[in-house]
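One structure is given here, and the rest of the page talks about it.
These numbers come from the heavy atoms of this one structure, side chains and all, not from hydrogens, waters or symmetry mates. All residue numbers refer to positions in the sequence shown, counting from 1. In listed order, ligands and their atoms are each counted from 1.
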Amino acid sequence: MLQTKGYAAMTAKAALTHFSFERRDVGPRDILITVTHCGICHSDIHQARDEWGGSLFPMVPGHEIVGTVARVGKEVKTFKTGDRAGVGCFVDSCRSCDACKEGQEQYCEAGMLLTYSGRDQAGHITQGGYSNQIVVDAQYALRIPQALSAAGAAPLLCAGITTYSPLRHWGVGKYHKLAVVGLGGLGHMAVKIARALGTEVTVLSTSEKKRQDAMRLGASHFEITSQPGTLAKLQRHFDFIIDTVSAPHDYNALVNLLKTDGTLILVGAPEQPTPLEPFPLILHRRSIAGSVIGGIRETQEMLDFCAEHHIESDVEVIPIQQVNEAYERVLKGDVRFRFVIDLASLR
Ligand code: NAP
Ligand code: ZN
Ligand code: ZN
């Protein structure tokens with residue numbers, strides 16, 4: 001077993017503290033990655049605080065992982081020592097259901113094995129990237145293109161793919177008007193990626209102070225949803241809305257901003273349900289849909305797309321000792337736009 005250092009929540013809502021644990025030895029198909037950077041996703045906070053239910057503790061969060069390959073199993077052909085590698089939100093799946101065969105492991109019928117807060121075949125709780133190293137099956141690891149910095153690439157492994165995948169699935173492109181709701185980690189990636197796809201982007205935010213950033217990131221318009229008149233002005237305006245908001249809010253108000261046949265795509269995952277009014281959907285044949293991350297093949301495609309289009313996440317790099325403060329700042333919307341932990345601080 002490999003002695004590993006990390007930061008863990010020992011119980012729901014406990015502050016994260018230093019934690020030593022063991023990872024499995026490097027098997028024939030595995031690689032060992034020395035983690036250099038790991039993003040802080042709002043899902044880490046939801047799960048460390050058990051807001052969705054089912055969290056497993058102790059929990060080392062972190063699923064936006066970038067590092068350097070330190071060892072490769074003898075059957076691994078795709079990575080060699082010294083390569084950069086990434087790990088996203090899952091580390092295994094059944095590999096035999098239709099979804100897995102299609103490369104959509106995130107929809108595995110047996111359930112994907114989450115990078116942390118999952119239980120592997122040996123019965124051990126999986127542990128994530130707020131740690132100095134991780135062992136992963138090479139088939140579930142990503143290649144990080146040369147053109148991307150490690151810190152700027154880490155958030156692509158969740159925030160990037162979570163916004164790229166639905167934009168591609170629904171064919172959002174040049175002739176569409178897209179609204180991005182919530183300008184946080186996911187939202188800022190949605191703006192950058194949609195712009196690279198040629199889409200006209202409007203940011204719908206609660207924070208006036210993000211206006212300039214939104215325009216710099218590539219939005220054409222910026223609106224404050226709480227301002228009187230904003231929602232009335234934008235009725236039946238958008239082809240697509242991607243909703244990245246982490247807290248409960250009114251979906252019905254957003255549905256009314258869609259054109260006939262428009263789609264509201266939910267990626268934000270608040271812990272409480274929201275009541276839905278049928279008529280705004282019925283009368284304009286509108287849809288509400290959801291989407292979760294993306295498969296390994298599509299995640300690699302997204303990384304290559306980002307390298308080609310010079311897209312990285314806007315990050316604030318912190319030492320791991322500041323992780324609890326960072327959580328509080330994420331909850332206040334006080335981050336531009338992703339915290340990334342520099343794991344050198346743990347060594
Ligand atoms: P984040 O950085 O905290 O961004 C969320 C944004 O939502 C905030 O910046 C804020 O934007 C807006 N917001 C927050 N509270 C709000 C409220 N009460 N009312 C209206 N707007 C509010 O979080 P993130 O990491 O981007 O994650 C966003 C959500 O997506 C989380 O629920 C996360 O668990 C989920 N997620 C889902 C997937 C998936 O596969 N579907 C993957 C990753 C994350 P403004 O200041 O602009 O209003
Ligand atoms: Zn995430
Ligand atoms: Zn499967």
Who are the side chain to side chain donor-acceptor pair (under 3.5 Å) partners of S43, not counting sequence neighbours?
-> none
Consider only side-chain N and O atoms of [X] and [Y], and report whether a donor and an acceptor are under 3.5 Å apart.
X	Y	answer
Y116	Q47	yes
Y140	T115	no
E298	S165	yes
H249	T274	no

Test salt bridge (charged side-chain N to carboxylate O under 4.0 Å, His left out) applied to R24 and D30, D137, D92, the passing residue | D30
Same apolar cluster: L167 and V201, side chain cutoff 4.5 Å = yes
Hey, quick one: are L231 and L178 part of the same hydrophobic cluster, counting side-chain heavy atoms closer than 4.5 Å, chains of contacts allowed?
-> no
Plane angle bin for F19 and F21 - parallel if under 30°, tilted between 30 and 60°, otherwise perpendicular = parallel
Does atom CZ of R336 have more than 12 heavy-atom neighbours, drawn from other residues, nucleotides or ligands, at distances under 6.0 Å?
-> yes
R195 atom CZ: more than 12 heavy-atom contacts under 6.0 Å = no
For a distance cut-off of 3.5 Å, show me each N or O of ligand 1 paired with any protein N or O, plus the separation.
{"unit_1": "ligand 1", "atom_1": "2 (O)", "unit_2": "G185", "atom_2": "N", "d": "2.9"}
{"unit_1": "ligand 1", "atom_1": "3 (O)", "unit_2": "H42", "atom_2": "ND1", "d": "2.7"}
{"unit_1": "ligand 1", "atom_1": "9 (O)", "unit_2": "K210", "atom_2": "NZ", "d": "3.1"}
{"unit_1": "ligand 1", "atom_1": "11 (O)", "unit_2": "L183", "atom_2": "N", "d": "3.2"}
{"unit_1": "ligand 1", "atom_1": "23 (O)", "unit_2": "H42", "atom_2": "ND1", "d": "3.4"}
{"unit_1": "ligand 1", "atom_1": "25 (O)", "unit_2": "H42", "atom_2": "N", "d": "3.0"}
{"unit_1": "ligand 1", "atom_1": "25 (O)", "unit_2": "R338", "atom_2": "NH1", "d": "2.6"}
{"unit_1": "ligand 1", "atom_1": "26 (O)", "unit_2": "G185", "atom_2": "N", "d": "3.3"}
{"unit_1": "ligand 1", "atom_1": "26 (O)", "unit_2": "L186", "atom_2": "N", "d": "2.8"}
{"unit_1": "ligand 1", "atom_1": "32 (O)", "unit_2": "H46", "atom_2": "NE2", "d": "2.8"}
{"unit_1": "ligand 1", "atom_1": "32 (O)", "unit_2": "A269", "atom_2": "N", "d": "3.0"}
{"unit_1": "ligand 1", "atom_1": "34 (O)", "unit_2": "S43", "atom_2": "OG", "d": "2.8"}
{"unit_1": "ligand 1", "atom_1": "34 (O)", "unit_2": "H46", "atom_2": "NE2", "d": "3.3"}
{"unit_1": "ligand 1", "atom_1": "40 (O)", "unit_2": "I293", "atom_2": "N", "d": "2.8"}
{"unit_1": "ligand 1", "atom_1": "41 (N)", "unit_2": "V267", "atom_2": "O", "d": "3.0"}
{"unit_1": "ligand 1", "atom_1": "41 (N)", "unit_2": "S291", "atom_2": "O", "d": "2.9"}
{"unit_1": "ligand 1", "atom_1": "46 (O)", "unit_2": "S207", "atom_2": "OG", "d": "2.5"}
{"unit_1": "ligand 1", "atom_1": "46 (O)", "unit_2": "K210", "atom_2": "NZ", "d": "2.7"}
{"unit_1": "ligand 1", "atom_1": "47 (O)", "unit_2": "L183", "atom_2": "N", "d": "2.8"}
{"unit_1": "ligand 1", "atom_1": "47 (O)", "unit_2": "S205", "atom_2": "OG", "d": "2.6"}
{"unit_1": "ligand 1", "atom_1": "48 (O)", "unit_2": "T206", "atom_2": "N", "d": "2.8"}
{"unit_1": "ligand 1", "atom_1": "48 (O)", "unit_2": "T206", "atom_2": "OG1", "d": "2.6"}

What closest approach, in Å, do R29 and R95 show between heavy atoms, and which atom pair accounts for it?
-> NH1-NH1, 4.3 Å
Using a distance threshold of 2.8 Å, what protein N/O/S atoms lie below it relative to the Zn ion (ligand 2)?
-> C41 SG, H63 NE2, C158 SG
E51 side chain to P270 main-chain N or O, any donor-acceptor pair under 3.5 Å?
-> no
Under 2.8 Å from the Zn ion (ligand 3), which protein N/O/S atoms are there?
-> C94 SG, C97 SG, C100 SG, C108 SG
